[in-house]
Amino acid sequence: AQVPKGLGSRRVAFPVQQQQQQQRQRQSTQHLQLNPQQRRSRSTVVQAIATGAATAAAATASQGWLKSLLPFGRKQAEPLIPTISRAELESLLQAPEDSTAACSRVPLVVMFSATWCGPCKVMMQRMQNIAQQLGPGSVKVVKIDTDESEGGAELASELSIYKLPTMMFCGPNHGKAAVQVQGLVKQAVLLDLVQQRSQFMGNDLARCMKW
């Protein structure tokens, strides 16, 4: 029997089409098999990112909580030269002789300054060096800020202090004049005033002697 024309070509083409269809099925099967793994991988990555973000947020919150406790858990160091008000200065000058704050026990240095004053910072550092050199209980240095101290500007005006820095050296002689120093002064001179000459000074700022 004769094969109809064109039938042989269709018989040859059919296995090729069948192979292509089987190949597409295998690819589809592989794709379906990979999808769950991809979804699991994507889910794992998302969970890792979320966990990392949560951990970072918790660490930040913990650091902020610890910082908030620092002022309560750590005692702030008292400055060598505290800024005081006019009322506090008057209390120091009028302290009884048996008080530890009295000028009769410890020389008192009152520094009139301002935050904008450059030479004041230089003199402040020199007085800090002296206080550290002499040690605790050897000299008491306080600061009146003419801008920030309560009553500081009025007190400076009453004492005719128009130049900064101005320093008042007070000694144990109640009612006698204190010694006034203005401008930049060498540290050696300041040290001599505290160690050697303070015993001849008084605590009267209004009748101070200019050095």
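Just so you know, these numbers come straight off a predicted model, no measurement behind them. Quick note: numbers below take in every heavy atom, side chains included, and nothing from hydrogens, waters or symmetry partners.
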Next item on the list: Answer with yes or no whether the hydrophobic clustering places V109 together with V185; edges join I, L, V, M, F, W, Y residues whose side-chain heavy atoms lie under 4.5 Å apart.
Entry: yes
Margin query: According to a hydrophobic-cluster definition based on side-chain heavy atoms being under 4.5 Å apart (Ile, Leu, Val, Met, Phe, Trp, Tyr only), do L164 and L205 belong together?
Written below: yes
Notebook entry, point to check: So which pairs with a foot in residues 175-211 pass disulfide (SG to SG under 2.5 Å), sequence neighbours left out?
Noted result: none
Margin query: With a 4.5 Å cut-off on side-chain heavy-atom distances among I, L, V, M, F, W and Y, is there a chain of contacts connecting L159 to M209?
Written below: no
Next item on the list: Quick one: pull up CD in Q94 and CG in L89 and give me the separation to the nearest 0.5 Å.
Entry: 9.5 Å
Next item on the list: Please step through side chain to side chain contact (heavy atoms under 4.5 Å, CB included) for the pair Q180 and F169, ending with a clear verdict.
Entry: CA-CA 6 Å; Q180 182 187 106; F169 291 80; over 6 Å; no
Margin query: Test: salt bridge (charged side-chain N to carboxylate O under 4.0 Å, His left out). Region: residues 79-96. Which pairs qualify, not counting sequence neighbours?
Written below: R86-E90, R86-E158
Check: Counting distance only, does the side-chain N/O of T166 pair as donor-acceptor with the main-chain N or O of Y162 below 3.5 Å?
Finding: no
Check: What residue among L80, L191, L193 forms side chain to side chain contact (heavy atoms under 4.5 Å, CB included) with I130?
Finding: L191
Next item on the list: Could you name each residue pair satisfying side chain to side chain donor-acceptor pair (under 3.5 Å) that touches residues 107-125, not counting sequence neighbours?
Entry: W116-D147, Q125-N129
Checklist line | With D204 via side chain to side chain donor-acceptor pair (under 3.5 Å) - residues at least two apart | finding: R207
Next item on the list: Might you point out which heavy atoms bring V139 and A131 nearest each other, and give the distance in Å?
Entry: CG1-CA, 4.1 Å
Item checked: salt bridge (charged side-chain N to carboxylate O under 4.0 Å, His left out) contacts touching residues 162-190 (sequence neighbours left out) -> none
Note to self: Side-chain heavy atoms nearer than 4.5 Å, only ILVMFWY residues, links allowed to pass through others: does that put V194 and L108 together?
What the structure shows: no
Next item on the list: Quick one: which residue pairs count as a disulfide (SG to SG under 2.5 Å) with a foot in residues 111-150, not counting sequence neighbours?
Entry: C117-C120
Note to self: With side chain to side chain contact (heavy atoms under 4.5 Å, CB included) as the criterion, how do L155 and F112 come out once you've worked through the C-alpha distance, each side chain's angles and the decisive distance to 0.1 Å?
What the structure shows: CA-CA 10 Å; L155 179 59; F112 288 82; 3.9 Å; yes
Check: At their closest point, which heavy atom of Q196 faces which heavy atom of Q199, and how far apart are they?
Finding: O-NE2, 3.2 Å
Note to self: One pair to check against side chain to side chain contact (heavy atoms under 4.5 Å, CB included): L134 and Q195. What are the steps and the verdict?
What the structure shows: CA-CA 9 Å; L134 298 180; Q195 279 189 310; 3.3 Å; yes
Notebook entry, point to check: Side-chain contact, heavy-atom cut-off 4.5 Å: I144 with M111?
Noted result: no
Note to self: I'd like to know if the side chain of R126 reaches the main chain of A188, judged simply by a donor and an acceptor atom lying under 3.5 Å from each other, with no hydrogens or angles considered.
What the structure shows: no
Notebook entry, point to check: Hey, are the side chains of D192 and R197 touching, using non-hydrogen atoms and a 4.5 Å cut-off?
Noted result: yes
Notebook entry, point to check: How many angstroms lie between CD1 in I84 and OG in S149, if you round to the nearest 0.5 Å?
Noted result: 7.5 Å
Notebook entry, point to check: Do F200 and W211 belong together in a cluster built from hydrophobic side chains that touch within less than 4.5 Å?
Noted result: no
Checklist line | Value rounded to 0.5 Å, distance of CE in M123 from CD in Q128 | finding: 12.0 Å
Next item on the list: Give the C-alpha distance, both sets of side-chain angles, the deciding distance and a yes or no for side chain to side chain contact (heavy atoms under 4.5 Å, CB included) between V179 and M168.
Entry: CA-CA 6 Å; V179 173; M168 301 285 197; over 6 Å; no
Notebook entry, point to check: Taking side chain as C-beta onward, heavy atoms only, is M124 less than 4.5 Å from V141?
Noted result: no
Next item on the list: Quick one: closest heavy-atom pair of K143 and I81, and the distance?
Entry: CB-CG2, 3.9 Å
Next item on the list: Answer yes or no: is there a donor N or O on one side and an acceptor on the other, between the side chain of N203 and the main chain of C170, under 3.5 Å?
Entry: no
